[in-house]
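First up is the structure itself, then whatever we jot down about it.
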Amino acid sequence: MWVFEETLPTGEKLSECINRANENCKYLPGIKLGTNVIADPDLESAVKDADMLVFVTPHQFVEGICKKLVGKLRPGVQAISLIKGMEVKMEGPCMISKLISDTLGINCCVLMGANIANEIAVEKFSEATIGYREDKEAASRWAKLFTTPYFLVSVVEDIEGVELCGTLKNIVAIAAGLVDGLDMGNNTKAAIMRIGLREMRAFSKLLFPSVRDNTFFESCGVADLITTCLGGRNRRVAEAFARNGGKRSFDELEAEMLHGQKLQGVSTAREVYEVLTYRGWQELFPLLSTVHEICIGQLPPTSIVEYSSTEG
Ligand code: NAD
Ligand code: 13P
C-alpha cells in the first residue's frame, strides 16, 4: 500500500507507524489491517510488482500521482478507482477513471457505494457498485476480490453513471448539511435530497447520454446519497458552516474538524459549476449551482432552499 508520507506529532513517520502497529495510526486508528498490508512511502516501489491497482486518494491528488506512474507499471495491469470526484480540463470535464486510463494506458473500473469507511472497517454490512466499460471479465474479477459476507458488490456496465453518482452526491451532501445547520428539519432535508438526486441524474445524462436510469437505484446512487447526507463528512462540515452563518470558510472548518482528511464536495461543486457556466446549463441545475455560490460566500447559507426549489 502506497502511503503519502507524513510525520506524526510523536515524530514517527506515518508509514513506520502503520508497519509497527499494523493499523493506520492517523486516519483509521484502532482497526487492524491484514498483516499482509505493508505501507510503502515510495510510489514506484509500491506498484512495481502489482498486476491489480486500487486507486483511493482525495481526487485532487490523482493527476500528480498518475504522472509519476507513467512507464512504471507492469504490462497488462488492471485498475479500479474508489475516488469520488472529477477534473475539469480545457476540453471539458474528465472523470477520474478516465484520467487514470488515459494517463497510464490501462483499463480502469470504478467502485462506488454507500460506504462510509469507519463503518466498513468494523465490518458492518454494506453494498457497493462496480461500474465498467466493455471489459466485463475485469469487472467480475474485481467484484470477486472485494466481496465479503458483509460487503456485497454488484456490477453494472455504466462506468460514467456509477462514477457520476459517487461524485455528485458529495455536492448534495453539502446542501443537506446546510439544511441541518439551519435547523430546517427532515421534510426540508428530504426535499433537498430528492431535488439533488434529480439534478444528479439530469446532469449525468446531459454529459453522457449513455448513463442509465437504473444506476441511480444501485448502491452508488440513492443509497450513497442517503448515507452521505446522514453521516458523511461533507454533511458535517456544511452543518458547521451554516451554524457559523457562513462566516468561517470551508477550508478553515475542514482543517479544524477533519485533521488532514479532505472534503470532496466543495471542490466538486466548483468543478461542476465551471461545466454549468461553460455550457450555459446553470438555470437547469439550481441546487448544484447554489451550493457552489454558498461555498464561496456569494450567497448566504439560507439560499439553499430559496434557490434550489426553483427547480428547472
Ligand atoms: P481523506 O479525505 O481521509 O484524506 C486523507 C488521505 O489523503 C490520507 O490517506 C492521506 O495520506 C492522503 N493525502 C493527503 N495529502 C496527500 C497528497 N498530497 N497526495 C496524496 N495523498 C494525500 O481520504 P479518503 O477518505 O480515503 O478519501 C479518498 C477517496 O475515497 C475520496 O475520493 C473519497 O470521496 C472516497 N471515499 C471515501 C470514503 C470515506 O468514508 N472516507 C468512502 C467512500 C469513498
Ligand atoms: P464523506 O466524504 O462525505 O464522508 O462521504 C463518504 C462517502 O463517500 C460514503 O460513501
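Excluded from the calculations below are hydrogen atoms, water molecules and symmetry mates; all remaining heavy atoms, backbone and side chain alike, are included. Order of listing sets the numbers, starting from 1, for every ligand and every atom in it.
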message: Going by the closest heavy atom to atom 6 (C) of ligand 2, which one wins out of K262, K169, E119?
response: K169
- request: Check the angle between the aromatic planes of W2 and F4 and answer parallel, tilted or perpendicular using the 30° and 60° thresholds.
  value: perpendicular
query: Where the closest heavy atom to atom 24 (P) of ligand 1 is concerned, which of M1, E254, R233 has it?
result: R233
message: Polar contacts were defined as any N/O atom of the residue lying under 3.5 Å from an N/O atom of the ligand; does this apply to I83 and ligand 1?
response: no
- request: Verify the distance criterion only: is there a donor paired with an acceptor across the side chains of T268 and N170 at less than 3.5 Å?
  value: no
- line: min-distance protein heavy atom vs atom 43 (C) of ligand 1 -> K84 NZ, 3.4 Å
query: Among the heavy atoms of G113, does any lie under 4.0 Å from an atom of ligand 2?
result: yes
- request: Mind checking side-chain contact (heavy atoms from CB on, under 4.5 Å) for D180 and listing every partner two or more places apart, or none if nothing turns up?
  value: K189, R235, E239
task: Run the contact test for P58 against ligand 1 with a 4.0 Å cut-off on heavy atoms, strictly below, and give the result.
output: yes
statement: Residue set satisfying side-chain contact (heavy atoms from CB on, under 4.5 Å) with A238, at least two apart, ordered chain then number -> I174, L178, F250
task: Measure Q264 to ligand 1 on non-hydrogen atoms and call it side chain, backbone, both or neither using the 4.0 Å cut-off.
output: side chain
message: Would E6 count as a contact residue for ligand 1, given that I'm defining contact as a non-hydrogen atom of the residue lying under 4.0 Å from a ligand atom?
response: yes
field: Nearest option to atom 4 (O) of ligand 2, as decided by whichever heavy atom of R235, K84, R233 sits closest
entry: R233
